[in-house]
Amino acid sequence: MTKYKRITGMRDVLFDDQPYCRYILAKIQETTDLFGYRRLDTPLLEQANLFVRGVGEGTDIVEKEMYIFDDRDGAQLALRPEFTAGIMRAFVENGLHTLPTPLRVWTVGPLFRHERPQAGRYRQHSQFDIEIIGEQDPAVDVEIISVAWHLFTSLGFYGLRLYINSTGCPACKPTYIQALVDYFTPHAGKLPPDDQMRLQKNPLRILDSKEEATQPLLENAPHITDHLCDDCDDHFTKFKAYLDAIERPYVVDYRIVRGLDYYTKTVFEIKADGLGSQDTICGGGRYDKLIEELGGRPTPSTGFGSGIERYVIALRHLGIEPPAEPLPKVTVSYLGQPAKLAALQLIETLRSENIGAILTPGDRSFKAQLKAANRNDAAFAIILGEDEVKAGQATVRNMVDSQQTAVNLTELVDWLKERL
RNA sequence: GUGGCUAUGGCUCAAUGGUAGAGCACCUGGUUGUGGCCCAGGAGGUUGUGGGUUCGAACCCCACUAGCCACCCCA
């Protein structure tokens, strides 16, 4: 056993995973370009208070999952547990409200939550995140779903499911919560302890409950969509109509609640197969009050976060392979010190001509160098020995058919370019 | 934070109380400058850590740690 180990819930991203990451990032860039989103990156560290205010004091993220610590000057910092609060902070701090609205932004990077790791869940994970800032038209709620769907389709996903709901707004949400409490209180005795707790602390969470005893009660529980105010009801109706218009199938799931306090009106999740019990690949919604909460002027916004590691798991599950990495197809080997100098010069030339090449170093036997060429998956092994250097040539071995050709060093670049 | 399962060389695993093995991977060699296949040889483990039981522990017991999965919650 090695002395130093990974921190719990953190992963090394090894070579087998990298082609997926590269593939996914490329598709994200294509998609965001197509939809007109600009990249905006924020720091990994923020004042802890930003998340307490933004995400909400009573949320699990703030209450028990944030990596929080004192800086050397005593300031309370947090590793960002989500993107939205930081992006909204950047929006306000940099005066981005002066840009044409709505502002469409995206970002990607690591987030940190001190949770117990399990399938598809890590303490450091990466999300692709987009936000549309400054627009309350439900058409943009549909647009972000369209972005997600375009990305997932271009990655090769199939069998994804879209679930939507509305969480109302400060005008109607409390009324609904009261209705929920009124409904469950007479049955409180039948609820399992966890759900009794929820009834006290966060009644909406009961809707999420997987407790068996609670299920029959949930069937007749009031739906928030029957308690929305006119404004929220209108928004939800249009949201669904626009989804219908673009023929994006969805299921209204009254039990989607989402764990962050800032959501208003639209919430949604996209689920995929093959992920175990953590099967949400994309989750988001609308947060019309967040920017005000953070000290900006009222600015309705909508967005989502989407877990990159879960993409990789789901892609593997579906048997979708990313393109191979474009590693060099040429190796340069040598025999003897004079040839080594020539090899070093040659390999510089190849790279300057944009021909990827790797040296088989170490002054080892010829056999070992060819072996190295083989293990590097070279298409061509370029061999320089005493004879070749004297003749101003290189021996080029085709590693597929084992044919060897003597090529003048002056013609080698063109010779390779014709064949690679 | 809670629960279940697991922990042996780089990887996948074997050995269930009596001196730690295999396959893959790795290194060297099979004569003079030729890879993949084959053959031969080699290196690599104080069996996650700490304690206990025993004449003797990879194996039994306890604790801790880590991993996986699930709950909670979420991407």
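The chains referred to below are lettered A, B, ... by the order of the sequence lines, with proteins before strands, and numbering in each begins at 1. Not measured: the values here are computed from a predicted model.
Within the 4.0 angstrom heavy-atom criterion, only backbone atoms of the sugar-phosphate kind lie near Arg364(A); the bases stay farther away. Across all strands, Phe128(A) comes closer than 4.0 Å to no nucleic acid atom at all (heavy-atom distances). Residue Glu65(A) is classed as a sugar-phosphate contact, given heavy-atom separations below 4.0 Å to backbone atoms only. Counting any heavy atom pair closer than 4.0 Å across all strands shown, Ala119(A) reaches sugar-phosphate atoms only and no base atom. Looking at heavy-atom distances under 4.0 Å, Ile383(A) makes contact with a base. Among the protein residues, Arg11(A) comes within range of no part of the nucleic acid, since none of its heavy atoms lies under 4.0 Å from any strand. Residue Ser333(A) is out of contact with every strand shown, counting any heavy-atom pair closer than 4.0 Å. At a threshold of 4.0 angstrom between heavy atoms, the contacts of Gly120(A) include nucleobase atoms, whether or not backbone atoms are also involved. Ile281(A) comes within contact range of the sugar-phosphate backbone alone, with a heavy-atom separation under 4.0 Å but no base atom that close. Among the atoms of the strands shown, none is found under 4.0 Å from any heavy atom of Gly284(A). At the heavy-atom level, Val312(A) lies nowhere under 4.0 Å from the strands shown. Asp387(A) comes within contact range of at least one nucleobase, with a heavy-atom separation under 4.0 Å.
Within the shown strands, nothing qualifies as a pairing partner of rU16(B) under the Watson-Crick or G-U definition with both distances less than 3.5 Å. Using Watson-Crick or G-U wobble geometry with both donor-acceptor distances under 3.5 Å, rA58(B) finds no partner in any strand shown. Under the Watson-Crick and G-U wobble criteria, each requiring two contacts below 3.5 Å, nucleotide rG36(B) is left unpaired. Across every strand in view, rA70(B) sits in a pair with rU2(B) that passes the Watson-Crick or G-U test at under 3.5 angstrom. With a cut-off of 3.5 Å on both pairing distances, the Watson-Crick or G-U wobble partner of rC64(B) is rG48(B). Nucleotide rG9(B) forms a pair with no other nucleotide shown, judged by Watson-Crick or G-U wobble geometry with both contacts under 3.5 Å. Nucleotide rG42(B): paired with rC26(B) (Watson-Crick or G-U wobble, both distances less than 3.5 Å).
Going from the P atom of rG21(B) to that of rA70(B) covers 38 Å, rounded to whole Å. One P atom belongs to rA40(B), the other to rC24(B), and the distance between them is 12 Å to the nearest Å. For the C1' atom pair drawn from rC62(B) and rC26(B), the interatomic distance equals 39 Å after rounding to whole Å. The gap from the C1' atom of rU53(B) to that of rC60(B) amounts to 8 Å, rounded to the nearest Å.
Closest of all the heavy-atom pairs between Glu247(A) and Pro249(A) is O-CD, 3.3 Å. For the residue pair Gly156(A) and Ile320(A), the shortest heavy atom distance occurs at O-CD1, 2.9 Å.
Taking only distance into account, the side chain of Glu388(A) meets the base of rG33(B) through a donor-acceptor pair shorter than 3.5 Å. One N or O donor and one acceptor, one from the side chain of Gln404(A) and one from the base of rU34(B), sit under 3.5 Å apart. At a cut-off of 3.5 angstrom, counting only N and O atoms as typed in the model, there is a donor on one side and an acceptor on the other between the side-chain of Arg121(A) and the base of rC72(B).
At a threshold of 4.5 Å between non-hydrogen side-chain atoms, the residues Tyr23(A) and Pro323(A) count as touching. For the pair Thr360(A) and Arg375(A), the minimum side-chain heavy-atom distance is 4.5 Å or more.
Judged by distance alone, the side chain of Arg351(A) and the main-chain N or O of Ala357(A) form a donor-acceptor pair under 3.5 Å.
For the pair Ser277(A) and rC69(B), the criterion of a side-chain N or O lying under 4.0 Å from OP1 or OP2 is not met. In this model, the phosphate group of rC26(B) is approached by a side-chain N or O of Arg375(A) to a distance below 4.0 Å at OP1 or OP2. For the pair Gln278(A) and rC73(B), the criterion of a side-chain N or O lying under 4.0 Å from OP1 or OP2 is not met. Remark: Thr8(A) is in phosphate contact with rA66(B), judged by side-chain N or O atoms under 4.0 Å from OP1 or OP2. At rA75(B), none of the side-chain N or O atoms of Arg80(A) fall inside 4.0 Å of OP1 or OP2 (strictly under the cut-off). Contact annotation: Arg123(A) side-chain N/O to rC73(B) OP1/OP2 distance is not under 4.0 Å.
Comparing Gly9(A) and Lys371(A), the nucleotide of RNA chain B nearest to each residue sits closer to the 5' end for Lys371(A).
In this structure, Leu350(A) CG and Lys417(A) NZ are separated by 9.5 Å, a value rounded to the nearest 0.5 Å.
None of Asp141(A), Thr167(A), Thr302(A) except one satisfies the side-chain hydrogen bond (donor to acceptor under 3.5 Å, both in side chains) rule with Thr266(A); the exception is Asp141(A).
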